Number of protein chains: 2
Amino acid sequence: MRKLPSLNALRAFEAAGRHGRMTLAAQELHVTHSAISRQVQHLEQLLGVALFEGPKNALRLTEAGNRLMLGLTPAFDQLDLAVRSVADTQDGTLDVSCPGTFTMRWLIPRLYRFRQAHPDIEVRLTASSKPVDSVRDSFDVAIRAGTAPWPAELEVTPLFDEQIGPVAAPALAASVIEDIASVPLLHSRTRRHAWADWSRRAGRDADDATGNEYEHFYFMLEAASAGLGVCIAPWPMVADDLRAGILTAPLGFIASGQQYVALRHSRQHRKSSLFCDWLAGEAKAFGLPPGETQ
Amino acid sequence: MRKLPSLNALRAFEAAGRHGRMTLAAQELHVTHSAISRQVQHLEQLLGVALFEGPKNALRLTEAGNRLMLGLTPAFDQLDLAVRSVADTQDGTLDVSCPGTFTMRWLIPRLYRFRQAHPDIEVRLTASSKPVDSVRDSFDVAIRAGTAPWPAELEVTPLFDEQIGPVAAPALAASVIEDIASVPLLHSRTRRHAWADWSRRAGRDADDATGNEYEHFYFMLEAASAGLGVCIAPWPMVADDLRAGILTAPLGFIASGQQYVALRHSRQHRKSSLFCDWLAGEAKAFGLPPGETQ
DNA sequence: ACGCAATGTTCGGAAAACGCACATGAGAAA
DNA sequence: TTTCTCATGTGCGTTTTCCGAACATTGCGT
């Protein structure tokens, strides 16, 4: 049978023992030092032992105080963990898993608007493109490009269909239109079949990629912006560069057959819901590629 | 940074979840069911999730409730352990380490008086005669016979000097007085030199023990009581038998040079202090052997 | 000696926690 | 179907806990 003294007093003592100063504990717990002082004294009275010793301006834990700290700190940590695992409030952290380039090219440039709308929510981003494991992965929301079916236990928020097309620096636009084969066809290691896929969907002869291979999609895009060639890119990834005139899409965009979606646990989690709703809104406002035909 | 809700509400929920009934949780925590009900509801509001579901008379934990319980129960157990490890109050358990025969012959016959005086203290006895290791041994109080110096970090309460002398059944008293060598000199394995020590201190010729050897002092005493011989015994161990006429000490008692003491940690532990004070009182009331000359 | 920082103490007020009385709902028994 | 019992829920007033503010005390550094 447990016999616990005032939990509030235990919490105050633990904070004071951890900080070594009652004023710091008071700051952590958002009370005055005198409240901490009284709680610690109250606990000493309840337990019948001194927990601090030494002069006022240089308090030290007693041996009993040290021993109590050994148990209290992990116990309160565990309470905190337990509470965090179920709390569903409108503040706190939100873990978002997202492909790296999408994070950099689309999400991060827009995330400030979510922070403005929900300043109490701290969004933590993790780069990942791998298939979602709803049991093992510890995300709140995962953004992915792919095709249905999505894991049945997750709630799916569609963002936009993926549109792909050749993009290059504006100086290469005429060459691309006249004879695309005259321009180096850049590709990335992660999407080696990008050109073949695009050709098939665009109804063109299968073109092999003749230009350099880049380890990351982001590097390939930078090469294209620098005029080193033309590459196949999804519309969301290059939309801002197109609008800025850094890149151009001489042959337009076509659907790739994949879709961007946000996935979250079906359990009603307010922060996840808020985030997915916000994503959907941003995707809608994002619009379609210029001259999109299908 | 921890962010903990009302600890009181967490405690109420944990008890309700463990018992599966709010009324039982109320009993455990010595409040009414309505207090538990309100605390659980308050916690549900703070966390933003339901923790119980189902009809009033058959509440079940929700999935979130179950998950919270997984963390809360061990955390509260740890808080309890931590508090118990330092609490020094006037109730609870007291661990006493004591030589086995002293336990049986002196302490146990008197312990009921300590229990009467302090019904909230549960005394746990451990038999041991080995030298006290103040760091490794987990006793609150240790009773030992020996000589100074005692370990410096322990507080010493003297109980009585050890007085030893030959004891036998009353039927053998005359023989012992007339010619002690005519009676079997019993000894125990643990004190093989008892007769030689006594002889030297009594100013007699060194007598070798000629009687049976007994593995335990207690067995040897039983043999003496049964008239099988005479043995050397400390006064406290045989005082009650002498008073009852079961044994007699024809040649009286002399100091053995050893002392019985109670040892406890210098730290102010109330139960230990209470116990040592009581021991000292009982030792004083115990008195000296009859006809004690030195 | 003085100033500063840290804790300790007292008092009154605010907030949390509580008991009590009554309400509600579900299941069992008549 | 009705009634009873048991368990939780709700509202109100009371009690207890907790707190801030103001002041006191102590030790250290200048």
Side-chain angles (χ1 to χ4, degrees), chain A residues 2-62 64-66 68-69 72 76 79 83, chain B residues 2-62 64-66 68-69 72 76 79 83:
Chain A
R2 290 194 204 121
K3 186 183 167 196
L4 285 170
S6 162
L7 298 173
N8 200 45
L10 288 177
R11 174 166 56 180
F13 165 72
E14 193 272 335
R18 183 160 32 88
H19 286 291
R21 295 256 299 276
M22 295 203 186
T23 48
L24 295 181
Q27 283 170 29
E28 175 181 315
L29 299 181
H30 305 297
V31 293
T32 60
H33 78 271
S34 72
I36 299 294
S37 180
R38 275 192 299 262
Q39 291 290 348
V40 168
Q41 288 194 14
H42 180 48
L43 187 61
E44 286 178 326
Q45 183 206 10
L46 291 177
L47 297 184
V49 293
L51 299 172
F52 283 104
E53 64 192 352
K56 281 177 187 179
N57 59 340
L59 287 177
R60 299 183 305 272
L61 284 166
T62 60
N66 261 308
L68 187 54
M69 287 296 297
L72 288 192
F76 277 111
L79 285 179
V83 166
Chain B
R2 293 197 202 118
K3 185 183 169 196
L4 285 169
S6 163
L7 298 173
N8 200 45
L10 288 177
R11 175 166 54 180
F13 165 71
E14 191 274 333
R18 186 160 31 86
H19 286 292
R21 295 257 298 276
M22 296 202 184
T23 49
L24 295 181
Q27 282 170 28
E28 176 181 315
L29 299 181
H30 306 298
V31 293
T32 59
H33 78 270
S34 72
I36 300 292
S37 179
R38 273 190 299 257
Q39 291 291 345
V40 169
Q41 288 194 16
H42 179 48
L43 186 61
E44 285 178 327
Q45 183 206 10
L46 290 178
L47 298 184
V49 294
L51 299 171
F52 283 105
E53 65 191 351
K56 280 179 190 179
N57 61 338
L59 286 176
R60 298 181 307 269
L61 285 165
T62 60
N66 262 307
L68 186 56
M69 288 297 297
L72 288 192
F76 277 111
L79 285 179
V83 167

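Only a predicted model underlies this, so the values are computations on that prediction, with no experimental measurement involved. In what follows, chains carry the letters A, B, and so on, assigned in the order in which the sequence lines appear, proteins first and then strands, with residues in each chain numbered from 1.
Neither OP1 nor OP2 of D/dG9 sits under 4.0 Å from any side-chain N or O of B/S34. OP1 or OP2 of D/dG9 has at least one side-chain nitrogen or oxygen of B/S37 nearer than 4.0 Å. Between B/Q41 and D/dT10 there is a side-chain N or O to OP1 or OP2 distance below 4.0 Å. Contact check, B/Q39 against C/dA16: no side-chain N or O comes under 4.0 Å of OP1 or OP2. Dashed line: the shortest gap from a side-chain N or O of B/N8 to OP1 or OP2 of C/dC18 is under 4.0 Å. A sub-4.0 Å separation between OP1 or OP2 of C/dG19 and a side-chain N or O of B/T32 is present. Residue B/T23 places none of its side-chain N or O atoms closer than 4.0 Å to OP1 or OP2 of D/dA7.
For D/dT8, the base has no donor-acceptor partner in the side chain of B/R38 [N/O atoms by modelled type, under 3.5 angstrom].
For A/S6, counting side-chain heavy atoms from C-beta on, the closest listed nucleotide (D/dC18, D/dG9, C/dA26) is D/dC18. Side-chain proximity of B/V31 to the nucleotides C/dC18, D/dT26, D/dG20 is greatest for C/dC18. Across C/dA6, C/dA17, C/dG25, the shortest atom-to-atom separation from the side chain of A/K56 is found for C/dA6.
Of the residues near DNA chain D, B/A58 and A/H30, the one whose nearest nucleotide (by heavy atom distance) lies more toward the 5' end is B/A58. When each of A/N57 and A/L7 is assigned the nucleotide of DNA chain D bearing its nearest heavy atom, the one mapping closer to the 5' terminus is A/L7.
If you take CD of A/E53 and P of C/dG8, they are 13 Å apart, rounded to a whole angstrom. The separation between B/L10 atom CG and C/dA16 atom P is 15 Å, rounded to whole Å. Counting to the nearest Å, the C1' atom of D/dC19 and the CE atom of A/M22 are 16 Å from each other. Computed from coordinates, the A/Q45 CD to D/dC18 P distance equals 12 Å when rounded to whole Å. Per the geometry, CZ belonging to A/F52 stands 13 Å off C1' belonging to C/dA6, to the nearest Å. Between the P atom of C/dT9 and the NE2 atom of A/H33 lies a distance of 11 Å, rounded to the nearest Å. Atom CZ of B/R60 and atom P of D/dA7 are 17 Å apart (whole Å). Distance, A/Q27 CD to C/dA5 C1': 13 Å, rounded to whole Å.
Formation of a donor-acceptor pair under 3.5 Å by the B/T62 side chain with backbone atoms of B/A50 is found in this model. Using a distance-only test at 3.5 Å, with no hydrogens or angles considered, a donor-acceptor pair links the side chain of A/E44 to the main chain of A/L51.
Rounding to the nearest 0.5 Å places CG of A/N8 at 11.0 Å from CG of B/L4. Taking CD1 of A/I36 as the start and CG of A/L29 as the end, the distance is 5.0 Å to the nearest 0.5 Å.
No contact: B/I36 has no heavy atom under 4.0 Å from any strand.
Contact record, A/L7 with A/F76: O-CZ, 4.3 Å, taken as the closest heavy-atom pair. Residues A/E53 and A/L61 share a closest heavy-atom pair of OE2-O, 4.0 Å.
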